[in-house]
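Structure record follows, encoded as structure tokens.
What you see is a predicted model, and the numbers here were worked out from it, not measured in a lab. A, B, ... follow the sequence lines: proteins, then strands. Residue 1 opens every chain.
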Amino acid sequence: MAPKKRIRGSTRTSQSCSKEETKTGSLSEDSVVESAQGVKGKRKAVTSGKTRKQSISKDELHERPQFCHWLMKSEPESRFENGIDVKFGIEDLKALPNQRGCWDGVRNYQARNFMRDMKEGQQAFFYHSNCKEPGIAGIVKIVKESYVDHTQFDKNDVHYDASSKADNPKWSMVDVQFERMLKRFIPLSEMKKIHLEHKARVGPLKDMALFTRPRLSVQPLTSGKWRSLPVMYTPLKVYISVNIHCSKKLREHVIITV
DNA sequence: GCCAACGTTGGC
DNA sequence: GCCAACGTTGGC
């Protein structure tokens with residue numbers, strides 16, 4: 001009945017299920033760190049920290065900084081997996097009843113863990129991936145906190161996971177609702193350009209998971225990134241300095257007029 | 001726990 | 001379609 005949707009996974013509108021409890025993974029406030037702990041199953045989600053660029057400190061293992069903003073990737077152009085079109089752009093979300101849908105199909109532990117951290121009412125950028133012009137298209141709101149992703153048990157679904165058991169489901173999802181389009185689409189190419197101009201050392205895009213973890217389909221954003229992204233890319237080229245130096249009131253004004 | 005092989009993501 | 005990056009698997 002319901003339209004399909006895709007993340008680096010996919011989705012359909014759906015209702016309910018129980019909320020999952022297990023919290024796993026770890027992160028740090030200004031850089032995304034791999035989830036290394038607690039993934040239930042035979043193996044850790046991550047191999048030895050020594051072999052990875054970003055190893056995990058003890059502090060990071062025991063602290064879970066709270067993020068308030070997110071970036072969620074989905075594919076706006078048709079692509080077929082096992083004969084099923086996984087297309088789901090922000091326009092597809094808008095077209096759903098109440099402009100609301102579930103973000104199912106996430107099959108990456110770190111992305112799943114971030115979804116489990118999401119709180120009702122929080123906002124996320126809707127990012128278009130694997131398309132002609134990848135980038136941030138709009139803003140959605142989390143309207144239902146994480147619960148069991150039913151597609152893991154559906155043999156006909158692209159994201160069926162035979163290894164997941166009903167009494168211990170592996171995968172979770174959240175419900176999101178369309179909030180608004182950005183006044184101007186923010187292409188990945190522009191974000192990259194800015195990122196390179198700053199040689200990735202300074203600026204609001206420093207350590208952004210979009211660059212440090214390009215394959216992560218659900219990622220957190222610091223408040224600074226959330227605020228400055230739209231500001232940075234206004235047609236007027238209002239720039240980082242605006243965000244850094246202007247008063248809070250002016251900054252908010254700039255942001256809401258973007 | 002280590003690590004090589006394999007599979008997937010996603011920009012280009 | 002290519003392929004780099006990196007997450008996952010599974011033998012040891």
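OP1 or OP2 of dG11(B) lies within a sub-4.0 Å distance of a side-chain N or O belonging to Tyr127(A). For Lys192(A) and dC12(B), the shortest distance from a side-chain N or O to OP1 or OP2 is below 4.0 Å.
Rounded to an integer number of Å, the gap from CZ of Arg79(A) to C1' of dG11(B) is 13 Å. Gln219(A) places its CD atom 15 Å from the P atom of dT9(B), with the value rounded to the nearest Å. Between Leu216(A) atom CG and dT8(B) atom C1' the separation is 14 Å, expressed in whole Å. If you measure from atom CD of Glu133(A) to atom P of dG11(B), you get 11 Å, rounded to the nearest angstrom. Between Asn113(A) atom CG and dG7(C) atom C1' there is a gap of 13 Å when expressed in whole angstrom units. To the nearest angstrom, C1' of dG11(B) lies 10 Å from NZ of Lys73(A). Rounding to whole angstrom units, NE2 of residue His159(A) and P of dT8(B) are separated by 11 Å. If you measure from atom CH2 of Trp171(A) to atom P of dG7(C), you get 13 Å, rounded to the nearest angstrom.
Nearest to the side chain of Arg215(A), among dT9(B), dG11(B), dT8(C), sits dT9(B).
Within 4.0 Å of Phe211(A), counting heavy atoms only, lies no atom of the nucleic acid at all.
Remark: Asp161(A) does not engage Arg107(A) in a salt bridge, criterion side-chain N to carboxylate O under 4.0 Å. Here Arg79(A) pairs with Glu81(A) in a salt bridge; the nearest charged N to carboxylate O distance falls below 4.0 Å.
For Trp70(A) and Tyr127(A), the distance between ring centers is not under 6.0 angstrom.
For the side chain to side chain donor-acceptor pair (under 3.5 Å) test, no residue two or more places apart in sequence or in another chain qualifies with Ser189(A).
Side-chain N/O atoms of Arg107(A) and base N/O atoms of dT8(B) include no donor-acceptor pair closer than 3.5 Å.
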